[in-house]
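Below is one structure; the comments refer to it alone.
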Number of protein chains: 2
Amino acid sequence: MSHAQRLRQRIEDEIVSGELALGSRLDENQLAVRFGVSRTPIREALLQLAATGLVQTKPRRGAIVSAPEPYLLLAMFEAMAEIEAACGRLAARRLVPEDAEALQAALAGCRTAVAQEDPESYYAENYVFHTVVYRASRNAFLAEQALSLHRRLAPYRRLQLRVRQRLPQSLAEHEAIVAAIVAGDDAGAAEALRSHVLVQGDRFTDLVAGLRAPSAA
Amino acid sequence: MSHAQRLRQRIEDEIVSGELALGSRLDENQLAVRFGVSRTPIREALLQLAATGLVQTKPRRGAIVSAPEPYLLLAMFEAMAEIEAACGRLAARRLVPEDAEALQAALAGCRTAVAQEDPESYYAENYVFHTVVYRASRNAFLAEQALSLHRRLAPYRRLQLRVRQRLPQSLAEHEAIVAAIVAGDDAGAAEALRSHVLVQGDRFTDLVAGLRAPSAA
DNA sequence: GTTGCGATGCTTGTATGCAAGAAAGACGGT
DNA sequence: ACCGTCTTTCTTGCATACAAGCATCGCAAC
């Protein structure tokens with residue numbers, strides 16, 4: 001694989017994991033020195049990330065880590081809800097034993113994390129769970145889109161870990177989602193996933209409102 | 001705007017419009033000479049298109065216009081159906097007079113094209129119609145995703161123009177879609193759009209099967 | 001005649017150099 | 001003292017140069 005591709009993954013990971021703060025500037029020279037390459041592969045990596053929306057470039061003003069306006073973020077959560085709902089709908093119709101087992105396994109992982117009251121662990125298991133749902137849709141393209149959007153929203157999801165009592169509720173929703181999919185209830189699975197994701201958007205709204213209160217006061 | 005951005009749009013347009021055939025090779029040197037720039041902005045444009053999926057790059061072997069496997073194409077049509085259904089669902093819930101008028105206007109354009117039995121014109125009007133539906137979802141992100149996918153599938157949709165009697169049927173479906181949205185019937189609008197788009201995937205399957213028959217025989 | 005190996009040429013991938021545009025600071029005017 | 005303008009400097013964007021890898025073609029051996 002080329003340097004540019006490696007850099008793309010690396011920078012993307014740092015954005016998704018939160019190492020690179022939202023809105024922070026991505027200086028080509030700094031990155032070039034840091035990774036020990038010239039500006040060319042750095043530029044190519046940043047341009048690809050810009051094409052996927054993870055970074056924003058302003059002409060002659062370089063690249064920053066995307067920090068969408070709140071209204072656009074809510075739109076992204078809503079879109080995520082619709083796409084996940086679609087995955088669930090298709091999964092309920094097409095569930096094969098292999099995927100059913102994977103769903104149960106992912107669910108078990110979530111249960112363990114909740115039992116241990118370990119948000120970080122639940123965060124990881126939650127990722128696995130949703131990934132399994134995407135795959136269960138048996139639509140490679142939709143799964144890819146869902147995963148891409150999931151990753152893009154990861155920095156914001158991470159903020160929600162601290163919201164109290166979210167873990168048990170999230171787990172309960174996961175249980176309901178799996179139940180609907182296994183039962184072949186496509187409409188139910190879609191609705192369960194839609195509301196599961198949408199509530200995250202709502203929580204996010206609460207969070208933003210909470211964070212803004214001090215500065216507004 | 002920079003050269004790279006202009007080139008990106010230009011090449012994208014040529015792919016979407018069919019000027020650049022699916023699967024054809026995109027030689028950096030040729031493109032550089034053709035557009036009168038160096039290879040650098042060409043590379044940057046191609047990499048961005050690769051990030052959005054319109055072209056594929058193989059390491060050390062350059063870029064070609066994406067020509068997905070049939071199974072992936074069907075997945076893309078299915079994903080398109082789900083995303084458009086989501087747009088319709090939201091549009092039905094949120095319809096504002098402005099969007100209602102835009103829908104009626106787009107519908108009128110489609111009617112005119114069908115009355116004139118002009119497939120090329122209908123193709124253009126159909127594009128407008130779907131774009132209006134996306135916007136009516138009042139979700140900028142979802143609309144953007146829908147439009148992007150619509151453009152990406154455009155080369156295949158174009159192939160379907162010749163399928164007999166598709167125009168009147170497509171128009172009838174458009175009428176039903178608008179009726180559902182205007183009535184605030186979100187589930188109905190979603191289902192109408194889903195099947196409207198899915199049938200294109202089915203038609204595409206027929207087409208592929210038809211094209212393959214000679215070589216298989 | 002066919003097949004395997006090697007050389008050559010062409011293409012991509014990266015580095016470096018250079019010019020143009022934007023941001024920031026200094027200087028002068030009010 | 002403050003504001004506007006000019007200049008300087010830093011960054012991006014493009015061009016060119018260079019290196020590395022793959023493909024193709026030719027040649028030789030079987």
Side-chain angles (χ1 to χ4, degrees), chain A residues 1-16 19-69 72 148 152, chain B residues 1-16 19-69 72 148 152:
Chain A
M1 192 182 289
S2 67
H3 280 171
Q5 298 309 312
R6 263 194 299 274
L7 289 167
R8 191 182 76 77
Q9 286 191 353
R10 178 73 186 277
I11 297 173
E12 180 177 330
D13 285 343
E14 294 198 1
I15 293 174
V16 170
E19 291 175 60
L20 280 170
L22 297 166
S24 63
R25 190 129 182 283
L26 296 167
D27 185 88
E28 295 179 1
N29 286 314
Q30 282 182 20
L31 291 170
V33 172
R34 185 175 148 209
F35 292 113
V37 296
S38 80
R39 279 177 48 223
T40 306
I42 298 284
R43 278 183 66 79
E44 296 188 346
L46 291 180
L47 281 168
Q48 290 192 64
L49 291 174
T52 61
L54 249 131
V55 311
Q56 278 180 325
T57 63
K58 301 215 174 190
R60 291 273 170 196
R61 294 190 53 185
I64 60 168
V65 179
S66 283
E69 300 295 314
L72 189 57
S148 171
R152 192 164 162 195
Chain B
M1 192 182 289
S2 69
H3 280 172
Q5 299 307 312
R6 263 193 299 273
L7 289 167
R8 192 181 77 77
Q9 287 191 351
R10 178 72 185 276
I11 296 173
E12 180 178 331
D13 285 343
E14 293 198 1
I15 293 174
V16 170
E19 291 175 60
L20 281 169
L22 297 167
S24 63
R25 190 129 182 285
L26 296 167
D27 185 88
E28 296 180 0
N29 285 314
Q30 282 182 19
L31 291 170
V33 171
R34 185 173 147 210
F35 291 114
V37 296
S38 81
R39 276 178 50 224
T40 306
I42 298 285
R43 275 184 69 79
E44 296 185 347
L46 291 180
L47 281 168
Q48 290 191 65
L49 291 174
T52 62
L54 244 117
V55 312
Q56 279 178 324
T57 63
K58 301 215 173 190
R60 289 273 169 198
R61 294 192 55 185
I64 60 167
V65 179
S66 284
E69 301 296 315
L72 189 56
S148 170
R152 192 164 163 194

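Quick note on labels: first sequence line is chain A, next is B, and so on, each numbered from 1. Because the structure is a prediction, the values reported are computed rather than measured. Heavy-atom basis, side chains included; hydrogens, waters and symmetry copies ignored.
In this structure, A:Thr40 reaches the bases: a heavy-atom distance under 4.0 Å links it to at least one base atom across the strands shown.
Here CZ of A:Arg39 is found 9.0 Å from CG of A:Asp27. Values are rounded to the nearest 0.5 Å.
Within the 4.0 Å cut-off from OP1 or OP2 of D:dG13, at least one side-chain nitrogen or oxygen of A:Arg43 is found.
Atom-to-atom, CG of A:Leu7 to C1' of C:dA15 comes out at 14 Å; the value is rounded to the nearest Å. The distance from atom CE of A:Met1 to atom C1' of C:dT14 is 17 Å, rounded to the nearest whole Å. For the pair B:Arg39 CZ and C:dT16 P, the interatomic distance rounds to 17 Å; values are reported in whole Å. Taking atom CZ of residue A:Arg60 and atom C1' of nucleotide C:dC18, one finds them 12 Å apart after rounding to whole Å. Taking atom CG of residue A:Leu46 and atom P of nucleotide D:dT11, one finds them 15 Å apart after rounding to whole Å. In this structure, the CG atom of B:Leu26 is 13 Å from the P atom of C:dG13, given to the nearest Å. Taking atom CD of A:Glu44 as the reference point, atom P of D:dC14 lies 13 Å away to the nearest angstrom. In this structure, CZ of A:Arg8 is placed 14 Å from P of C:dG13, rounded to the nearest angstrom.
Here the rule is side-chain contact (heavy atoms from CB on, under 4.5 Å) with A:Pro41, and of A:Gln5, A:Arg8, A:Arg6, A:His3 only A:His3 fits it.
If you check distances only, the side chain of A:Arg61 never reaches the base of C:dA23 with a donor-acceptor pair under 3.5 Å.
For A:Asp27, the side-chain atoms get nearest to D:dT12 when compared with the rest of C:dT12, D:dA15, D:dT12. Among the nucleotides C:dA15, C:dG13, D:dT16, the one closest to the side chain of A:Ser2 is C:dG13. Among the nucleotides C:dA15, C:dT11, C:dG17, the one closest to the side chain of A:Pro41 is C:dA15. Of the candidate nucleotides D:dT12, C:dA15, C:dG13, D:dT12 has the atom lying nearest to any side-chain atom of A:Glu28.
Judged by distance alone, with hydrogens and angles left aside, the side-chain atoms of A:Ser66 form no donor-acceptor pair with the main-chain N or O of A:Pro68 at under 3.5 Å.
Nearest approach of A:Ala45 to A:Ala4, heavy atoms of both residues: CB-O, 3.7 Å. Listed here is the closest heavy atom pair of B:Ala63 and B:Leu46: CB-CD1, 4.3 Å.
Along DNA chain C, the nucleotide nearest B:Arg25 and the nucleotide nearest A:His3 are compared for position; the residue whose nucleotide lies closer to the 5' end is B:Arg25.
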